[in-house]
Amino acid sequence: MLWVLSKWIFGGGGGNEIVSNSAHPRIRHAFVKYKDLTVGQTWSTFMNTSAIPESADFAGATTGLVFIRQGQIRYNMGNFQVAIENPESWGGDTANDSVPDVIARYNIEGDWGSISVSGLARQLNTSLGNSESAFGASIAGRINTTGKDDIRFQFHKGELGRYVGVAAVKDLYGEEVEDLTSVLVAYRHFWTESLRSTVLYGKVEGDVSNRERTQWGVNLFQDLTKELTVGFEVGNFSLDELDKNSNYIQATMRYAL
């Protein structure tokens, strides 16, 4: 049990501050939460974890997904959250990243599901030493439909760079700040109480880099026990700007305490 816990917190090595803020030892989550204040490393305030589709891959449909963890100071005021988080100018001069990213988020919840609206402001530093302001916004959520079914979605727009698509596009290309448009939508249907499927689609487009990434997938999950789930997924990942794509088949077994 202690080995599993240490792998969850410290698993892996190397890495960088683009997506997972990795270091040696690699700390995945390590934070202190006191009342409405959270200090430490965990999922970014800009990331809505309830909007992640169920997938055979841990990160779900990475194309179109905000998936990032990093050091931060976050304060909750009811449904409103504000945070300063670790800066990183991917594609620029990271040595001058001294101004933290600022994130504001508002959550709306009810019996129908939940939605979050988020905004991001940060300072990026180019390779030639220039500072550029960058802004972006996001709306994401999970909406209950019929029975236990739900639809999950994310839409992101602006100068978001490393925050979207798990390194799909950089923050900076030369001296220009990347502007992206991203969408992710997934529908989960329960065939029985323990058998379910998700159909998902994601896309990211960068205006400066002209990068265009798409992904679709279909899966089937079965709960064998309350703690143990097995799953199978087929799909396709495409690098449209390179006219390259790859079909994938993935199986998974998940044990949750």
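The figures here come from the full heavy-atom set of this structure, side chains too, leaving out hydrogens, waters and symmetry mates.
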To the nearest 0.5 Å, atom CG of Leu120 lies from atom OG of Ser44 at 7.5 Å
Check the pair Gln41 / Phe31 against side-chain contact (heavy atoms from CB on, under 4.5 Å), numbers first and verdict last. CA-CA 5 Å; Gln41 172 148 316; Phe31 60 92; over 6 Å; no
By salt bridge (Lys or Arg N to Asp or Glu O under 4.0 Å) - contacts of Arg211 (at least two apart): none
Under 3.5 Å, is there a donor-acceptor pair between the Ser127 and Asp93 side chains? no
Does any part of the side chain of Phe237, heavy atoms only, come nearer than 4.5 Å to the side chain of Thr63, both counted from C-beta? yes
Is the shortest side-chain N to carboxylate O distance from Asp223 to Arg196 below 4.0 Å? yes
Using modelled atom types only, decide if a donor and an acceptor are shared between the side chain of Arg122 and the backbone of Ile103 within a distance under 3.5 Å. no
Could you report the tightest heavy-atom contact between Pro100 and Ile84, atom names first, then the distance? CB-CB, 4.0 Å
Would you say the side-chain atoms of Thr198 and Glu54 include a donor-acceptor pair closer than 3.5 Å? no
Is there a path from Tyr34 to Tyr75 through hydrophobic residues (I, L, V, M, F, W, Y) whose side chains come within less than 4.5 Å of each other? no
Describe, in one word, how the ring planes of Tyr106 and Phe80 are oriented to each other, choosing from parallel (under 30°), tilted (30 to 60°) and perpendicular (over 60°). tilted
Establish, from distance only, whether the side-chain atoms of Ser238 and Asp240 form a donor-acceptor pair under 3.5 Å. yes
Has Ile139 got more than 12 heavy atoms of other residues, nucleotides or ligands less than 6.0 Å from its CD1? yes
Side-chain donor/acceptor pairs under 3.5 Å, residues 153-161, sequence neighbours excluded:
| from | atom 1 | to | atom 2 | distance (Å) |
| --- | --- | --- | --- | --- |
| Gln154 | OE1 | Val66 | N | 3.2 |
| Gln154 | OE1 | His156 | NE2 | 2.9 |
| Gln154 | NE2 | Ala51 | O | 3.4 |
| His156 | ND1 | Ser138 | OG | 2.8 |
| His156 | NE2 | Gly64 | O | 3.4 |
| Lys157 | NZ | Asp179 | OD1 | 3.1 |
| Lys157 | NZ | Thr181 | OG1 | 2.9 |
| Glu159 | OE1 | Phe135 | N | 2.9 |

Would you compute the distance between atom CG of Leu200 and atom CD of Gln215 and round it to the nearest 0.5 angstrom? 6.0 Å
Might you confirm whether atom CD of Glu193 has over 12 heavy atoms from other residues, nucleotides or ligands at distances under 6.0 Å? no
